[in-house]
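Every chain is numbered from 1, with letters handed out A, B, ... down the list of sequences.
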2 protein chains.
Amino acid sequence: MKLGQGVEWGLHSCVNMSWTPPGEAVSSARLAEFYKLPAAYLNKQLQALVRAGILTSVSGPRGGFSLARRPDRISVLDVVLAIEGNDHAFRCEGIAKDAPGGSMDADYARTCLISQTMRHAEVTWRTELSRQSIAGIAQSIERRFPDARESTVLRLVGPRT
Amino acid sequence: MKLGQGVEWGLHSCVNMSWTPPGEAVSSARLAEFYKLPAAYLNKQLQALVRAGILTSVSGPRGGFSLARRPDRISVLDVVLAIEGNDHAFRCEGIAKDAPGGSMDADYARTCLISQTMRHAEVTWRTELSRQSIAGIAQSIERRFPDARESTVLRLVGPRT
DNA sequence: GATAGCATACTCGGATATTAGTTGTCCGAGTGCCGCTGG
DNA sequence: CCAGCGGCACTCGGACAACTAATATCCGAGTATGCTATC
């Protein structure tokens, strides 16, 4: 059970983009320099967020990424599923259907108690993540580090002219 | 976010072993034949459970694996962690310590709100799994399929002489 | 007939290939910006 | 001085390579079993 690095990058990027003024796009190169990350790979991860409808992207100069909807409408779960894929963590291959008494083959995921247990635990995990939104995290950060927002915006979009 | 196949095999094997008479060991070959699985690979997974203290193993004829403690003392989480490793799913690399205001470098896992959120969700997942025990699952299966236990034991240890 | 010794078959355990997935890099397509040219 | 136009720099997007982890397999170490030969 391991999550890809892109989840962390995607979440941080979304929080940062929730602070940038609307209409201003942030390029992946800028975000990558911010965190000292490989720019092209970060770009690749953000592409997944675009495909999931979380971000919008524009090409060309002054282009980049920006949130596709209000940050309080983007849950942490949305970002995780967009990057990791929405497959279930516990892949029940239904091995018991090959077992001797395997006449109960219909859909093993329901009848198998082990599968049910694992699925239920994963549902609680997903529910917990769906409760937290990008906006909520951003607010918590602002409360704890009052100048985080200002310094981040300054570094990302540069000093406003 | 993906769990290895060994988790499913390990859980099924533990449930089956909770039904076998105490003192009787079950070989990995027998379990593998039961589920139509590659025997050597299943053996490898069960080795991890032995290292974690969940199973005990004996070599030689009439040898095999058996539960190291009462099945109501073995949680699903124990099996999952034994096979998957007890690392956290969300690897917080502390990317923000490279960010401009990165003086808050001490231990980023605590101060980073994103890390906190992911960790908290994982804790609920683990808690849910720790509530379920091998014995509990076995009982539920027995309730739903009354003859599951008998047929399984018969198939695993053969007809008792 | 009983017992000690021995070959044997069976088991786990770890070392070793093979495959899939993640991580990282590169180049092309598209787009807005800037300067140049002509009126 | 102003409008139109062409080159250009910058961006995303997807295709390609390197590396890591999961999957699958094989052979050696050890042990209880069952047979055999001897007393």
Side-chain angles (χ1 to χ4, degrees), chain A residues 1-10 13 17 23-33 35-52 54-66 68 80 82-85 87 89-91 93 95 156-158 161, chain B residues 1-10 13 17 23-33 35-52 54-66 68 80 82-85 87 89-91 93 95 156-158 161:
Chain A
M1 162 114 168
K2 188 165 62 73
L3 271 71
Q5 204 67 60
V7 173
E8 183 180 5
W9 302 354
S13 297
M17 277 186 261
E24 291 279 337
V26 183
S27 74
S28 64
R30 207 65 78 85
L31 283 165
E33 191 201 17
Y35 292 123
K36 304 279 175 49
L37 297 178
Y41 190 35
L42 174 62
N43 192 8
K44 187 183 178 66
Q45 306 289 356
L46 296 182
Q47 283 174 30
L49 295 180
V50 172
R51 275 192 294 271
I54 296 173
L55 300 182
T56 56
S57 64
V58 294
S59 287
R62 304 290 299 165
F65 297 92
S66 54
V80 172
I83 291 178
E84 288 286 314
D87 297 337
F90 183 73
R91 305 170 282 169
E93 302 280 334
I95 61 179
L156 279 182
V157 304
T161 54
Chain B
M1 161 111 169
K2 189 166 61 74
L3 272 70
Q5 205 67 58
V7 173
E8 185 180 5
W9 303 353
S13 298
M17 278 185 259
E24 291 279 337
V26 182
S27 74
S28 63
R30 207 65 79 88
L31 283 165
E33 190 201 17
Y35 291 122
K36 304 281 174 48
L37 295 178
Y41 190 35
L42 174 62
N43 191 9
K44 188 183 176 64
Q45 306 290 355
L46 296 182
Q47 283 174 31
L49 296 180
V50 172
R51 276 192 293 272
I54 296 173
L55 299 183
T56 56
S57 63
V58 295
S59 288
R62 305 287 301 163
F65 297 92
S66 54
V80 171
I83 292 178
E84 287 286 313
D87 298 337
F90 184 73
R91 303 170 285 169
E93 300 282 333
I95 61 178
L156 277 182
V157 304
T161 54

Per-nucleotide protein contact string for nucleotides 17-26 of chain C (B base, S sugar-phosphate only, - none; heavy atom under 4.0 Å): ------BBBB
Non-neighbouring partners of A/Phe90 that pass ring-ring contact (aromatic ring centres under 6.0 Å, His included), sequence neighbours left out: none
Partners meeting side-chain hydrogen bond (donor to acceptor under 3.5 Å, both in side chains) with B/Ser57 (sequence neighbours left out): none
Minimum heavy-atom distance A/Met17-A/Leu55, with the two atoms named: CE-CD1, 3.9 Å
For atom CG of B/Leu55 and atom P of C/dT11, their distance in whole Å: 17 Å
Listed partners of A/Ala52 passing side-chain contact (heavy atoms from CB on, under 4.5 Å), at least two apart: A/Ile54, A/Ala82
Counterpart residues, side-chain hydrogen bond (donor to acceptor under 3.5 Å, both in side chains), relative to A/Ser66 (two or more places apart): A/Thr56
Heavy-atom pair with the smallest gap, counting every atom of A/Arg91 and B/Glu8: O-OE1, 3.2 Å
side-chain contact (heavy atoms from CB on, under 4.5 Å) against B/Ala25, all qualifying residues, sequence neighbours excluded: B/Val58
Span of DNA chain D, from the first to the last nucleotide whose atoms fall under 4.0 Å of chain B heavy atoms: D/dT23 to D/dA32
Atom pairs and distances, side-chain donor-acceptor, residues 42-51 of chain B, under 3.5 Å, sequence neighbours left out:
unit_1  : atom_1 : unit_2  : atom_2 : d
B/Gln45 : NE2    : B/Tyr41 : OH     : 3.0

